[in-house]
Participant: 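Provided herewith is a single structure, encoded as structure tokens, for subsequent inquiry.
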Amino acid sequence: MRKHYPKNLKKWQRFWEKEKIYKFNPQKKGKIFSIDTPPPTVSGKMHLGHAFSYTHLDIIARYQRMKGKNVFYPFGTDDNGLPTEKLVEKENKVSIFNMKRQDFVKLCQKTLKRIKPSFVQDWKDIGMSCDFDLGYSTIDKEVQKLSQRFFIELYEKKRIYQKETPTLWCPQCRTAIAQADLENKETETVFNDIIFKLENGKEILIATTRPELLSSCVAIFIHPSDKRYKNLIGKTAVVPIFKQKVKIYNDKGVDPKKGTGVVMCCTFGDTTDIEWYFVHHLPLKISINQDGTMTKIAGPFQGLKIKEARQRIIEELKKQGFIRSQKKIKHFVNVHERCNAEIEILNTSQWFIKYLDFKKDFLKMGRQIEWYPDFMRKRYENWVSGLRWDWCISRQRYFGIPFPVWYCQKCGEIRLARISDLPVDPLYSKPKTRCSCGSNRFIPETDILDTWATSSLTPKITIDLVKDEKTKKKLFPMSLRPQAHDIINFWLFYTIARSKLHFNKIPWKEVTISGFVLDPKGEKMSKSKGNVVAPQEVIEKYGVDVLRHWTAKASLGEDLRWNEEEIKASKRTVIKIWNAFRFSFMHLESFKKNNLIISNLEDEDRWILHLLEMTIKDYKVYFEKYQFKKSRETIDNFFWKNFCDNYLEIVKPRLYNNDVLKESKEAAKYTLYLCLFSIIKLYAPFMPYITEEVYQTFFRRLEKEKSIHLTLLPTINRNLVNPKIKEKFDNVIGIIGAIRKYKSEKKVSIRKEVNKLFIKSKNKEIKKYFNLIKSVMNIKSIKMKDKNVSGYFEVNSSIKIKII
RNA sequence: GGACGGUUAGCUCAAUGGCAGAGCAUCGCGUUUACAUCGCGGAGGUUAUAGGUUCAAAUCCUAUACCGUCCACCA
């Protein structure tokens, strides 16, 4: 038998794939457990955060499978839209703005083809037990078809509209974005007090961080009850440099304490400007282009980038004496989460999904779903309550799912593709019939769909991979949506929103949210900080099972700090498993599985089997609430403390000694087998590789399933639950512990023979275990004592011992 | 400014009103026929602070402080 811990465990991955161990079989009996697996965005490599949250998910999936559920567990990748484009630009060192659309799209496809296989392999390597045959990519033809069909459906339901309106805009990526794509960034900037002159020559001061927007200034606002400026309402002021005349209005939206209490309104600096623009029917003056340069109305500053223009305009203001004072401040600005560029609000024509009127329904649906942990629901509610924009789904980019839309060149009417023609790319195809105006010339829509507009359909995408209609119905709503907390506002919310819009049903019954992996100081891991730990290296150094066992140190919703000492502890557990099984099976070589004869069991067998039953019970109770951290603790504790440290030590004399009755020896072996098989099963969701190795090496000849991962978790055997034995036997464990302590304090070896042991206790039942204690602790004679003798060790309140 | 989570041993975390525990680290001991990647043992606590409820509070209530996350503010 191999002595050393087996190294080549990766072979089991091939075994599972070849034998289709994780294949979803619609015909299989048992309740279906369907999982809306997150499709990772294809990037260079899987990072540790992925390994962490996907392992959590996989632990749950494996538990459900071993409980006998028919697990529907697909695996897809998200590979279109802005994130993919950014990756392709970086990988190939190109810019989308210097390339032809066609060439860029081809490059995207080529790059994906190159990097995707090894990217997906990372997921297989962490032991994901998905049915990889239920695979998809969000750019697949079938998915395009579905996404476009759903677009048309919503359009026909009047849930989609196109509108020219102030839109969140990323000048770096040169596209519209959605509210969810925003992030906050603290930046240092200069607050400028700028002098505006009134027509009567008087001056007012306006504080602004964005003087480059002066040419867009269309009005000035003050608070109606601000006494300082009361007489200014209705007057006209002149904008410095650009000299346009603007009216002074009052509005309660002004905060008199901020800046000078006088605000300029530009189209558009922020969301308040949009509000004022509509409420006060202000003119539109656009000074920023879609590429982040200044427009014609910026006059001499035309063509400059925003920040350059700001600098130059400040200089000019100073020169002309319009700046009273300046101070540096730190404030938060909205940036695009994909590129960190400060966003603008531009008036553009975009496609929107109308859903703000459904806020209450979204909240209601959130309450119909079970959240693990429950408090994550609050984050969702917080986000839904704060929604202010309809969902902008159009992106002015190249690589993604096209809108199935054309416009009539003559009358401008919108023409949608026919469902039967999907998927279409309007750039390369045309409507088959004329427009109602008679024209047959059409202009294609060139925008692409927001990537979330497709990934929010994963429940439908994955269920459609199954062909059998009866099964499909059983799969929806899905059982579980697992994900990390960073995309509650994105993927989770959008999926609920789409489910409301299309099906008016919750998409899943339960949601589990994992946290993040942090560096040892508790900070986020990032390349720029240089504190990134690569999961591939961890796996290389310690093994997958170790990484997986470690990730279960965190509960759902909790962050976990990277700690190599803890990884080493998990490594020890894996090695301990191997050694414990190797040792045990030395004594089980000729073991045959007959019926267990309970009357043959010794008390130590009954004791460990009782503890085993309790372990199985607790393990399952915790898992049912997705508290796999506690399930892990439960099995770890049973395995190390009860089984290895105590039971194996206690049972050794019986296994080695040939004088022992045959029945007793058989009972010991049976107990061993029962414990071992249970232990390996309880560990299997956490450590799929080593448990498979152990199963194939030791159990396969006696068990019928071809993989440990096809076995069922042990069920409670009531005949083995025996609290009375536990009570009695805890005294034995206590006495053994006291003798160990004695030997440790006397600085002698545990094996060293003890001459005499006196036990003082009213409980005479302990006598029954004298022989056991003798053989385990190497003691010559044990006697009960009634008289008080000095120098006793107290084992517990009822037992004292003295060793001579 | 709003919402949420947290603060317990050196570190990471348990303990759902009833004797504050575990793993790691530390220290001491031990060649014990599965495992030195091991075993046994010791030390280590005013449970963030201040009040309150209770026979009893880490746990419930109130307030404060600090840490973290999300959102809002962006003149």
Side-chain angles (χ1 to χ4, degrees), chain A residues 1 3-5 179 182-187 189 191-192 194 206-210 213 217 220-221 253-255 258-266 269-273 276 329-334 342 373 375-388 485-486 488-489 515-516 518 520 522-524 542 553-555 557-561 563-587 629-630 633 636-637 640-641 644-645 648-649 652 656 736-752 778:
Chain A
M1 205 177 294
K3 173 153 184 166
H4 294 291
Y5 173 77
Q179 189 182 346
L182 297 179
E183 221 167 57
N184 275 333
K185 195 175 97 182
E186 192 172 32
T187 26
T189 187
F191 214 22
N192 306 283
I194 296 174
I206 294 182
T208 181
T209 56
R210 301 204 56 189
L213 287 175
C217 180
I220 290 172
F221 284 91
V254 179
D255 180 356
K258 245 185 197 171
T260 59
V262 186
V263 191
M264 66 171 183
C265 171
C266 308
D270 62 29
T271 48
T272 324
D273 290 339
W276 288 337
I329 56 159
K330 271 188 177 177
H331 73 162
F332 283 92
V333 292
N334 277 329
E342 292 183 25
F375 70 81
M376 285 293 179
R377 182 210 318 269
K378 293 274 166 72
R379 292 223 194 158
Y380 167 80
E381 290 178 350
N382 202 12
W383 172 253
V384 172
S385 311
L387 272 179
R388 297 170 58 168
H485 62 73
D486 55 331
I488 291 176
N489 306 347
F516 278 153
L518 305 173
E523 288 174 24
K524 257 190 188 173
Y542 297 101
K553 265 190 84 78
S555 298
E558 274 179 3
D559 294 339
L560 184 58
R561 290 187 190 193
N563 181 340
E564 198 136 357
E565 292 308 313
E566 287 175 356
I567 286 279
K568 285 178 185 164
S570 287
K571 177 79 185 179
R572 281 197 285 271
T573 302
V574 177
I575 289 169
K576 185 88 173 172
I577 288 174
W578 177 250
N579 282 316
F581 278 80
R582 199 166 55 83
F583 166 72
S584 302
F585 273 85
M586 275 166 24
H587 301 280
K629 172 183 178 174
K630 287 187 181 167
E633 276 170 10
D636 276 349
N637 186 54
W640 279 92
K641 290 271 162 197
C644 292
D645 293 349
L648 280 186
E649 293 308 318
K652 262 180 195 173
Y656 280 111
I736 291 174
I739 300 165
R740 281 169 176 166
K741 186 173 171 181
Y742 169 84
K743 287 183 175 179
S744 179
E745 280 179 7
K746 294 281 172 195
K747 302 187 178 182
V748 298
S749 152
I750 289 291
R751 288 300 299 165
K752 167 108 178 153
N778 198 14

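Convention: sequence-line order gives letters A, B, ...; per-chain numbering from 1.
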Participant: Could you tell me if R379(A) and N382(A) have a donor-acceptor pair between their side chains, going purely by distance under 3.5 Å?
Facilitator: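 R379(A) and N382(A) do not have a side-chain donor-acceptor pair below 3.5 Å.
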Participant: Apply ring pair (Phe, Tyr, Trp, His ring centres under 6.0 Å) to F516(A) and list each qualifying residue two or more places apart in sequence or on a separate chain.
Facilitator: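 Ring pair (Phe, Tyr, Trp, His ring centres under 6.0 Å) check on F516(A) returns H485(A).
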Participant: Contact class for E186(A) (heavy atom, under 4.0 Å): base, sugar-phosphate, or nothing?
Facilitator: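 No contact.
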Participant: Could I get the full list of side chain to side chain contact (heavy atoms under 4.5 Å, CB included) partners for T208(A), not counting sequence neighbours?
Facilitator: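 I194(A), R210(A), P211(A), M264(A).
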Participant: For a quick check of understanding: with a heavy-atom distance under 4.0 Å over all strands, which category does A207(A) fall into, base, sugar-phosphate or nothing?
Facilitator: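 Sugar-phosphate, backbone atoms only, no base.
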Participant: Would you mind reading off the distance between N778(A) atom CG and rG39(B) atom P, rounded to a whole angstrom?
Facilitator: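 Value for this atom pair: 21 Å.
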Participant: Could you work out, with side chain to side chain contact (heavy atoms under 4.5 Å, CB included) as the rule, every residue matching D645(A), not counting sequence neighbours?
Facilitator: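 So D645(A) forms a side chain to side chain contact (heavy atoms under 4.5 Å, CB included) with K576(A).
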Participant: Base, sugar-phosphate alone, or nothing: which one does T272(A) contact when heavy atoms must sit under 4.0 Å apart?
Facilitator: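 Here T272(A) touches the backbone only, sparing every base.
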Participant: Calculate the interatomic distance between K752(A) atom NZ and rC40(B) atom C1'; express it in whole Å.
Facilitator: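 From K752(A) NZ to rC40(B) C1': 17 Å.
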Participant: Nearest to the side chain of K629(A), heavy atoms from C-beta on, is which of rC70(B), rC13(B), rG41(B)?
Facilitator: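 When the side chain of K629(A) is considered, rC13(B) is the closest of rC70(B), rC13(B), rG41(B).
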Participant: Going by an N to O cut-off under 4.0 Å, is there a salt bridge joining K652(A) and E649(A)?
Facilitator: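 Answer for the salt bridge query: yes.
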Participant: Among residues at least two apart in sequence or on other chains, which ones pass salt bridge (Lys or Arg N to Asp or Glu O under 4.0 Å) with E342(A)?
Facilitator: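 By the salt bridge (Lys or Arg N to Asp or Glu O under 4.0 Å) rule, E342(A) matches K307(A).
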Participant: Using the side-chain heavy atoms of T209(A), tell me which of these nucleotides is nearest: rA72(B), rA75(B), rG39(B).
Facilitator: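 The answer is rA75(B).
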Participant: Which nucleotide sits closest to the side chain of R561(A): rA75(B), rC73(B), rU12(B)?
Facilitator: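 Selected nucleotide: rU12(B).
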Participant: Just checking V254(A): base, sugar-phosphate only, or nothing, at a heavy-atom cut-off of under 4.0 Å?
Facilitator: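 The residue V254(A) makes base contact.
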Participant: Under 4.0 angstrom, heavy atoms only, what part of the nucleic acid is N334(A) near: base, sugar-phosphate, or nothing?
Facilitator: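 N334(A): base contact, heavy atoms under 4.0 Å.
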Participant: Heavy atoms only, 4.0 Å cut-off, all strands: where does F191(A) land among base, sugar-phosphate and nothing?
Facilitator: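 If one applies the 4.0 Å heavy-atom cut-off, F191(A) turns out to touch the sugar-phosphate alone, with no base involved.
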Participant: Please enumerate all protein N or O atoms sitting under 3.5 Å from an N or O of nucleotides 22-32 of chain B, with distances to 0.1 Å.
Facilitator:
{"from": "rG23(B)", "atom 1": "OP1", "to": "K641(A)", "atom 2": "NZ", "distance (Å)": "3.2"}
{"from": "rG28(B)", "atom 1": "N2", "to": "S744(A)", "atom 2": "OG", "distance (Å)": "3.0"}
{"from": "rU32(B)", "atom 1": "OP1", "to": "S749(A)", "atom 2": "OG", "distance (Å)": "3.2"}

Participant: Of the listed nucleotides (rA14(B), rA75(B), rC71(B)), which one gets closest to any side-chain atom of K258(A)?
Facilitator: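 Ranking rA14(B), rA75(B), rC71(B) by closest atom to the K258(A) side chain puts rA75(B) first.
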Participant: Check every strand shown and say whether C644(A) touches a base, only sugar-phosphate, or nothing at a heavy-atom separation below 4.0 Å.
Facilitator: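 Base: the residue C644(A), judged by heavy atoms under 4.0 Å, touches a nucleobase.
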Participant: Under the ring pair (Phe, Tyr, Trp, His ring centres under 6.0 Å) rule, collect the residues that match up with Y380(A), sequence neighbours excluded.
Facilitator: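 Y380(A): ring pair (Phe, Tyr, Trp, His ring centres under 6.0 Å) contacts with W371(A).
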Participant: For each nucleotide in nucleotides 3-8 of chain B, reading 5' to 3', give B when a protein heavy atom comes within less than 4.0 Å of its base, S when such contact involves only the sugar-phosphate, and - otherwise.
Facilitator: SSS---
Participant: When all nucleic acid strands are considered with a 4.0 Å heavy-atom cut-off, which category describes D645(A): base, sugar-phosphate, or nothing?
Facilitator: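 Result for D645(A) = sugar-phosphate.
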Participant: Please enumerate all residues that pass ring pair (Phe, Tyr, Trp, His ring centres under 6.0 Å) together with H587(A), with sequence neighbours excluded.
Facilitator: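 Testing H587(A) for ring pair (Phe, Tyr, Trp, His ring centres under 6.0 Å), a comparison that skips the adjacent residues, returns F583(A), Y656(A).
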Participant: With heavy atoms under 4.0 Å as the rule, sort K576(A) into base, sugar-phosphate or nothing.
Facilitator: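 Here K576(A) touches the bases of the nucleic acid.
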Participant: For R377(A), which contact category applies under a 4.0 Å heavy-atom criterion: base, sugar-phosphate, or nothing?
Facilitator: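 Answer is nothing: R377(A) stays at 4.0 Å or more from every strand.
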Participant: Mind checking what makes side chain to side chain contact (heavy atoms under 4.5 Å, CB included) contact with K553(A), not counting sequence neighbours?
Facilitator: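 Counting only residues at least two positions away or on another chain, K553(A) forms a side chain to side chain contact (heavy atoms under 4.5 Å, CB included) with W550(A), L560(A), E566(A), R632(A).
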Participant: When we call it a touch if two heavy atoms are under 4.0 Å apart, what does T260(A) touch: a base, just sugar-phosphate, or nothing?
Facilitator: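 T260(A): no heavy atom of the nucleic acid under 4.0 Å.
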Participant: Just to be sure I understand the rule, does D255(A) reach a base, reach only the sugar-phosphate, or reach nothing, if contact means heavy atoms closer than 4.0 Å?
Facilitator: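 Base, at least one base heavy atom under 4.0 Å.
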Participant: Find the runs of at least 3 consecutive base pairs, i with j, i+1 with j-1 and so on, that include RNA chain B, using Watson-Crick or G-U wobble geometry with both distances under 3.5 Å.
Facilitator: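 Runs of three or more consecutive pairs: B:1-7 with B:65-71, B:10-13 with B:21-24, B:26-30 with B:38-42, B:48-52 with B:60-64.
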Participant: Set out, line by line, the N/O atom pairs under 3.5 Å between protein and nucleotides 15-21 of chain B.
Facilitator:
{"from": "rA15(B)", "atom 1": "OP1", "to": "K630(A)", "atom 2": "NZ", "distance (Å)": "2.9"}

Participant: Can you list everything that forms a side chain to side chain contact (heavy atoms under 4.5 Å, CB included) with N184(A)? Sequence neighbours excluded, please.
Facilitator: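 So N184(A) forms a side chain to side chain contact (heavy atoms under 4.5 Å, CB included) with F332(A), N334(A).
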